Amino acid sequence: MQLRRTTGVCKAPTLRVTCFGDFRVAGASGWEPGPEQKRAREVMQYLILHPKSVAPRERLTEFLWPGETSDAVQHRLHAAVSGVRTFLRRLLGGFNAIRCSGEGYSWHPEMRLVCDVGRFTELYRDGSTAAFKDAVSLYGGELLEGQDAEWLRPARVRYASMYASMVERLANEAFAARDFEPALHFALELLEIDRAHEGASRLVLRCFDALGQRAQALNEYAALRAYLLKHLGVEPMAETTALIDAIVRRRT
């Protein structure tokens, strides 16, 4: 299909995608969950996460059908790509969004892909506090939440680590600025990521102390101690214990 023209100017379609949390895609008609066929959806997701490169057939078949190298696997890949094309044609008004080359498959260069993962990465690289806040707000859950494909795991860990590092910096910056409620919010986010993160737990204790919420500080310490004993078989670090002792002494 040729690119649509509006008042004599070529207008390529835009594909909007969210990959953090639930996978959703949108064209002109609104949001939907992607191709119904599992392999077609996975091919589409791989292309979305590698938007500027060609996806080699060998790599796709290795990811989707590990250990299989028969001609039947190539046929399955062709069928999966055809499923993606059919889905996207409907979504993008007939536009053929995927190109096939001798090396593999890639996006049509004229199509505009707007993805939360791409924006998240840009904001992370920006490095400013404002950019970090915007990036954190984009992170609606782990990458392609609920899917267990092996090829997803390295990317999932990478983006989760980026998110955690941004949240930790925002928490510490807010506390240093004496913005204790935002600092508490970010510190609690860190504990949701890793309940055993004692640095985050100590920041939660300090925030509760600064806000005059001694009972909540005591509850947090008790919850941390119970978690560490149950899952790791250790007591909280001496630094954490000294902090809660100091909070108790100040409030008695």
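Remember, predicted model here, so these are calculated numbers, not experimental data.
- Surrounding CZ of Arg39 are more than 12 heavy atoms belonging to other residues, nucleotides or ligands, all under 6.0 Å away.
- Judged by the 6.0 Å and 45° rule, Arg41 forms no cation-pi pair with Phe23.
- Aromatic ring orientation, Tyr139 versus Phe120: tilted (interplanar angle from 30° to 60°).
- Placement of Phe175 and Leu188 within a single hydrophobic cluster is found when ILVMFWY residues are connected by side-chain heavy-atom separations under 4.5 Å, directly or transitively.
- When the ring-ring contact (aromatic ring centres under 6.0 Å, His included) test is applied to Tyr159, the partners found at least two apart in sequence or on another chain are Phe20.
- Applying the side-chain hydrogen bond (donor to acceptor under 3.5 Å, both in side chains) test to Arg195 and every residue at least two apart in sequence or in another chain returns Glu220.
- Screening Val54, Val84, Val81 for a side chain to side chain contact (heavy atoms under 4.5 Å, CB included) involving Tyr105 leaves a single residue, Val81.
- Applying the side-chain hydrogen bond (donor to acceptor under 3.5 Å, both in side chains) test to pairs two or more places apart or on separate chains, those with a residue in residues 72-82 are Glu68-Arg76.
- When each of Arg250, Arg249, Arg214 is tested with Asp209 by the rule salt bridge (Lys or Arg N to Asp or Glu O under 4.0 Å), just one qualifies, namely Arg250.
- Sparse packing is recorded around CD of Glu181, with 12 or fewer heavy atoms of other residues, nucleotides or ligands lying under 6.0 Å away.
- Side-chain N or O atoms of Thr121 include one that pairs as donor or acceptor with a backbone N or O of Val117 at under 3.5 Å.
- Glu122 and Arg125 are not joined by a salt bridge, as no carboxylate oxygen comes within less than 4.0 angstrom of a charged side-chain nitrogen.
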**Study point:** Intermediate values then yes/no, side chain to side chain donor-acceptor pair (under 3.5 Å), Thr240 and Arg202
**Key:** CA-CA 6 Å; Thr240 309; Arg202 285 193 294 272; 2.9 Å; yes
